[in-house]
Colleague: 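Structure provided below as structure tokens; questions to follow.
Residue numbers start from 1 in every chain, and the chains themselves are labelled A, B, ... in the order their sequence lines are given, proteins ahead of strands. Values reported hereafter were calculated over all heavy atoms of this structure, with side chains retained and with hydrogens, waters and symmetry mates removed.
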Amino acid sequence: MPEGPSIVILKELVQEFKGKTLLHIYGNTKVDFSSLENQKVTEFKSFGKNFFICFKRGSIKIHFMLFGSYRINEKKDTPPRLSLHFKNGELNFYACSVKFIEANLDETYDWTADVMNENWSAAKAKKKLKAIPRTLVCDALLDQNIFAGVGNIIKNEVLFRVQVHPKTKVGDLPPKKLTELVREARQYSFDFLEWKKQYTLKKHWLVHTKRTCPRDGSRIVKEYLGRTHRRTFFCNSCQVFYKTSRDQIARSKKIKSKKSKIKIPRLDHQGARN
DNA sequence: CCGGTTGTTCAGCG
DNA sequence: GCGCTGAACAACCG
């Protein structure tokens, strides 16, 4: 449920409650929302993996984390974290993080960072990436300040699509590849949205949970990579491990300064395959 | 029945 | 006080 496109689907599914008056709200959340009763839902919004139910006096922020779920006009057997009742139906949320935001959402979030948003800015994403050259691309794609909405599946699929090895550092990407990566993060998210709606998302996975590469038939590698050790699937022969010569020089200088005579061979710009 | 996970926060460490 | 890391949390599927 949790990646950005799934939240966009939720937003579309609840439109019948837009403008409707909240008659009753309850749940096992610690936050008290009773003051929102008899208030009208002004809007539903999404930012990355966050879902918002907006009222004049503030917004309920829902994050589904890994296990959250929802039901529209039906209930699950377990008690809801939050349940909203309207004249025309009900909205139930389970096992999710719930918060109340009083501040104006437009001023709280950088909407240019949301890959599903109409205000998404590829240029700003590139600028943010250039500021963190030593970060691995697999971590950069999961950075919600740069690619809000991108999750682990999208990360894996995007890296395969642009043929970049997950351990490549952001600063080692050739400029064209950087551009491609940023474009694909948004593009794949919209493909994800369409396939999810058609219930054919899994069928379209190229590497995520796969065992063989659809491109050259070689074995797909599964490793737990990056700062948060997330499941990463990739093809070692198709996805290029970029390493700039600058990196190589810096390393060889360091070694030389320690009186070592070992010469580090310079790699060309295409870099070494792992 | 157990192991694993589409994610984030936060305590505890150096 | 920072940046980093692993633990904790949660529910459902195979």
Colleague: Atom CZ in A/Phe47, atom CZ in A/Phe52: separation rounded to 0.5 Å?
Modeller: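 Atom-to-atom, A/Phe47:CZ and A/Phe52:CZ are 7.5 Å apart.
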Colleague: Does B/dT6 have a Watson-Crick or wobble partner in any strand here, with both distances under 3.5 angstrom, and which is it?
Modeller: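 No nucleotide pairs with B/dT6.
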Colleague: Could you give the distance separating B/dC10 and C/dG1 at their C1' atoms, to the nearest angstrom?
Modeller: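 One C1' to the other, the span is 16 Å.
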Colleague: Which nucleotide in the list B/dG7, B/dT5, C/dA11 gets nearest to the side chain of A/Tyr224?
Modeller: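 The closest nucleotide is B/dT5.
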Colleague: Between C/dA11, C/dG6, B/dG7, which one does the side chain of A/His229 approach most closely?
Modeller: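 Out of C/dA11, C/dG6, B/dG7, the nucleotide with an atom closest to A/His229's side chain is C/dG6.
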Colleague: Quick check on ring pair (Phe, Tyr, Trp, His ring centres under 6.0 Å): which of A/Phe160, A/Phe233, A/Phe241 does A/His165 satisfy it with?
Modeller: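 Exactly one candidate clears the test, A/Phe241.
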Colleague: Would you kindly give the CG-to-P distance between A/Leu66 and B/dG7, to the nearest whole Å?
Modeller: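 Rounded to the whole Å, the gap is 6 Å.
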Colleague: Assign each of A/Lys61 and A/Phe233 to its nearest nucleotide of DNA chain B by heavy atoms, then name whichever residue's nucleotide is nearer the 5' end.
Modeller: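 It is A/Phe233, whose closest nucleotide lies nearer the 5' terminus.
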Colleague: In whole angstrom, what separates A/Arg134's CZ from C/dG3's C1'?
Modeller: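 It works out to 14 Å between those atoms.
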Colleague: State the pairing partner of C/dA10; accept Watson-Crick or G-U wobble contacts with both distances under 3.5 Å, and report none otherwise.
Modeller: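 Matched C/dA10 with nothing under the 3.5 Å cut-off.
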Colleague: Quickly work out the A/Glu223 CD to B/dG4 P distance and round it to whole Å.
Modeller: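 A/Glu223 atom CD is separated from B/dG4 atom P by 17 Å.
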Colleague: Identify, between A/Arg227 and A/Thr209, the residue whose nearest nucleotide on DNA chain B lies closer to the 5' end.
Modeller: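 Going by which nucleotide is closer to the 5' end, it is A/Thr209.
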Colleague: Regarding A/Lys99, tell me which of base, sugar-phosphate or nothing describes its non-hydrogen contacts under 4.0 Å with the strands shown.
Modeller: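 Result for A/Lys99 = nothing.
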Colleague: Any side-chain heavy atom of A/Ile101 sitting closer than 4.5 Å to one from A/Tyr109?
Modeller: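 When only atoms from C-beta onward are counted, A/Tyr109 and A/Ile101 do touch, with a gap below 4.5 Å.
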Colleague: Under 4.0 Å: is that the gap between some side-chain N or O of A/Lys49 and OP1 or OP2 of B/dT6?
Modeller: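 So the side chain of A/Lys49 is outside the cut-off, no N or O lying under 4.0 Å from OP1 or OP2 of B/dT6.
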Colleague: OP1, OP2 of C/dC12 versus side-chain N and O of A/Lys76: anything below 4.0 Å?
Modeller: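 Checking C/dC12 against A/Lys76, a side-chain N or O does come within under 4.0 Å of OP1 or OP2.
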Colleague: Please check if atom NZ in A/Lys177 has more than 12 non-hydrogen atoms from other residues, nucleotides or ligands closer than 6.0 Å.
Modeller: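 More than 12 heavy atoms, drawn from other residues, nucleotides or ligands, come within 6.0 Å of this atom.
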Colleague: Provide, to the nearest angstrom, the distance between the CZ atom belonging to A/Arg71 and the P atom belonging to C/dA11.
Modeller: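 About 13 Å, once rounded to whole Å.
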Colleague: Measure the distance from CG on A/Asn156 to P on B/dG7 and round it to the nearest whole Å.
Modeller: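 About 10 Å, once rounded to whole Å.
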Colleague: Specify the separation, in whole Å, of atom CG of A/Asp77 and atom C1' of C/dC12.
Modeller: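 In whole Å, C/dC12 C1' lies 13 Å from A/Asp77 CG.
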Colleague: Taking OH from A/Tyr188 and C1' from B/dT6, how many angstroms apart are they, rounded to a whole number?
Modeller: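 To the nearest whole Å, that distance equals 11 Å.
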Colleague: Out of C/dA10, B/dT6, C/dC12, which nucleotide sits closest to the side chain of A/Phe67?
Modeller: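 It is C/dA10.
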Colleague: How do A/Tyr94 and A/Lys202 order along DNA chain C: which one's closest nucleotide is nearer the 5' end?
Modeller: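 By nearest-heavy-atom nucleotide position, the 5'-most residue is A/Tyr94.
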Colleague: Any side-chain donor paired with an acceptor under 3.5 Å for A/Lys155 and A/Thr232?
Modeller: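 Their side chains do contain a donor-acceptor pair, which is all the 3.5 Å distance test asks for.
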Colleague: I want to verify a distance call: between C/dC12, C/dA11, B/dG7, whose nearest atom is closest to the A/Asn152 side chain?
Modeller: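 Among C/dC12, C/dA11, B/dG7, the one nearest the side chain of A/Asn152 is B/dG7.
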Colleague: How close or far is atom C1' of C/dC12 from atom OH of A/Tyr70, stated in whole angstroms?
Modeller: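 In whole Å, C/dC12 C1' and A/Tyr70 OH are 16 Å from each other.
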Colleague: Do the ring planes of A/Tyr70 and A/Phe93 sit parallel (below 30°), tilted (30 to 60°) or perpendicular (above 60°)?
Modeller: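 Answer is tilted, since the angle falls between 30° and 60°.
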Colleague: Check the phosphate of C/dA10 against A/Arg81, side-chain N and O only, distance under 4.0 Å to OP1 or OP2. Yes or no?
Modeller: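 The answer is no; no side-chain N or O of A/Arg81 sits under 4.0 Å from OP1 or OP2.
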Colleague: Which nucleotide sits closest to the side chain of A/Lys222: B/dT5, B/dT8, C/dA11?
Modeller: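 The answer is B/dT5, which lies nearest to the side chain.
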